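Accompanying notes for the structure given below.
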Protein chains: 2
Amino acid sequence: MQRYFTITQLTQEFDITTRTLRFYEAQGLVAPTRRGRQRLYTPGDRTRIKLILRGKRLGFSLNEIKEMIEMYASAPGETGQLRLLLDKIAARREELLEKQRDIELTLLELDEVEAGAHARMSELDTSSLSEDV
Amino acid sequence: MQRYFTITQLTQEFDITTRTLRFYEAQGLVAPTRRGRQRLYTPGDRTRIKLILRGKRLGFSLNEIKEMIEMYASAPGETGQLRLLLDKIAARREELLEKQRDIELTLLELDEVEAGAHARMSELDTSSLSEDV
DNA sequence: CCCTCTTTTTACGTTAAAGTCAATACATCA
DNA sequence: TGATGTATTGACTTTAACGTAAAAAGAGGG
């Protein structure tokens, strides 16, 4: 029942290169199993890759992404470790909330620029008395 | 009525280095005026710097940020330019909305990890019969 | 079994975004 | 006016995240 993905399947699905996947492996972000020397990616590996790409879209570094993935994967035993984990979670959450606010502001500004552009366009339309086809 | 900021004031306010500000200037992202050789930043320059840093937090490259800032600053004359501007705005908006979705997902996952950690902690608490002070 | 095609490994190159260092240039304050 | 501190400029270095190229090793097909 274990379905595997080849490296090229994944590069095509996610539009990345083999170099990229091997680099992520070298950084300890994924660890595909091997059939001989060939890499075989499990669905779990595929999920990790999705997480990595999502992290990248949000502007996190590979090191930060690695930390987050390890947070998901770990089941730390003792209380000290758990407190530390909770702290890390809180910190990440703060960052994400800040990014959310940043996005809101940027979207608002885009709205303004767009409104200005539309205004300018209708000016041009009426002044030139031209008609769109 | 024109208040100026020195470079060190801004580095302290935004926790960046002078090298960074001069680099942004070399890239055409800000253009402070000069008193002799010394740089003087206007409130407008300061705003641009804020925009740059916000863009960076969202994972945009300096080139992308430059484009966005120029979108704000420009008042393009002809219709073709305006259409192009509207297209760029639409594209940016898409990116930002994707980032929003990415953030939502990541926050949900953090919630799960946190819930798991809390569960694990209460297990440890009851099993050890210890009390917090 | 040979040929072709894909994968892997190794190594060096590249780009963005600064960091670091050295040499001047100003400015000020005692 | 000389010392002291801050700014500027230019050059070289660094780091992250890959790109690119070359050589060797399998994989499958006829």
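Everything numeric here is computed off the predicted structure, so don't read it as measured data. Order of the sequence lines sets the chain letters (A, B, ...), proteins ahead of strands, with each chain counted from 1.
Judged purely by distance below 3.5 Å, without hydrogens or angles, the side chains of Thr17(A) and Thr20(A) pair a donor atom with an acceptor atom. For the residue pair Arg46(B) and Thr42(B), no side-chain donor N or O sits within less than 3.5 Å of a side-chain acceptor on the partner.
The CD-P distance, from Glu25(A) to dC18(D), rounds to 15 Å in whole Å. One atom, CD of Gln27(B), and another, P of dA16(C), lie 9 Å apart when rounded to the nearest Å. Nucleotide dA16(D) holds its P atom 13 Å from the NZ atom of Lys56(A), rounded to whole Å. Rounded to a whole Å, the CG atom of Asp15(B) is 14 Å from the C1' atom of dA18(C). Taking atom CZ of Phe23(B) as the reference point, atom C1' of dA16(C) lies 7 Å away to the nearest angstrom. When rounded to the nearest whole Å, the span between CD1 of Ile16(B) and C1' of dG19(C) equals 14 Å.
OP1 or OP2 of dA18(C) has at least one side-chain nitrogen or oxygen of Tyr24(B) nearer than 4.0 Å.
Arg92(B) places none of its side-chain heavy atoms less than 4.5 Å from the side chain of Leu107(A). Counting only heavy atoms from C-beta outward, the side chains of Ile65(A) and Leu62(A) approach each other to under 4.5 Å. Taking the side chain as every heavy atom from C-beta outward, Ile69(A) and Arg48(A) approach each other to under 4.5 Å.
Counting non-hydrogen atoms of other residues, nucleotides and ligands closer than 6.0 Å to CZ of Arg34(B) gives a total above 12.
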note = Given protein heavy atoms under 4.0 Å, the one-letter contact record of nucleotides 5-11 of chain D, with B base, S sugar-phosphate only and - none, is simply --SBB--
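For residues 60-69 of chain A, proximity to DNA chain D is found at Ser61(A), Leu62(A), defined as any non-hydrogen atom under 4.0 angstrom from a strand atom.
Every side chain to side chain contact (heavy atoms under 4.5 Å, CB included) that Leu86(B) has, sequence neighbours left out, goes to Glu114(A), Ala117(A), His118(A), Met121(A), Arg83(B), Ile89(B).
With salt bridges taken as basic N to acidic carboxylate O contacts below 4.0 Å, one links Arg54(A) and Glu109(B).
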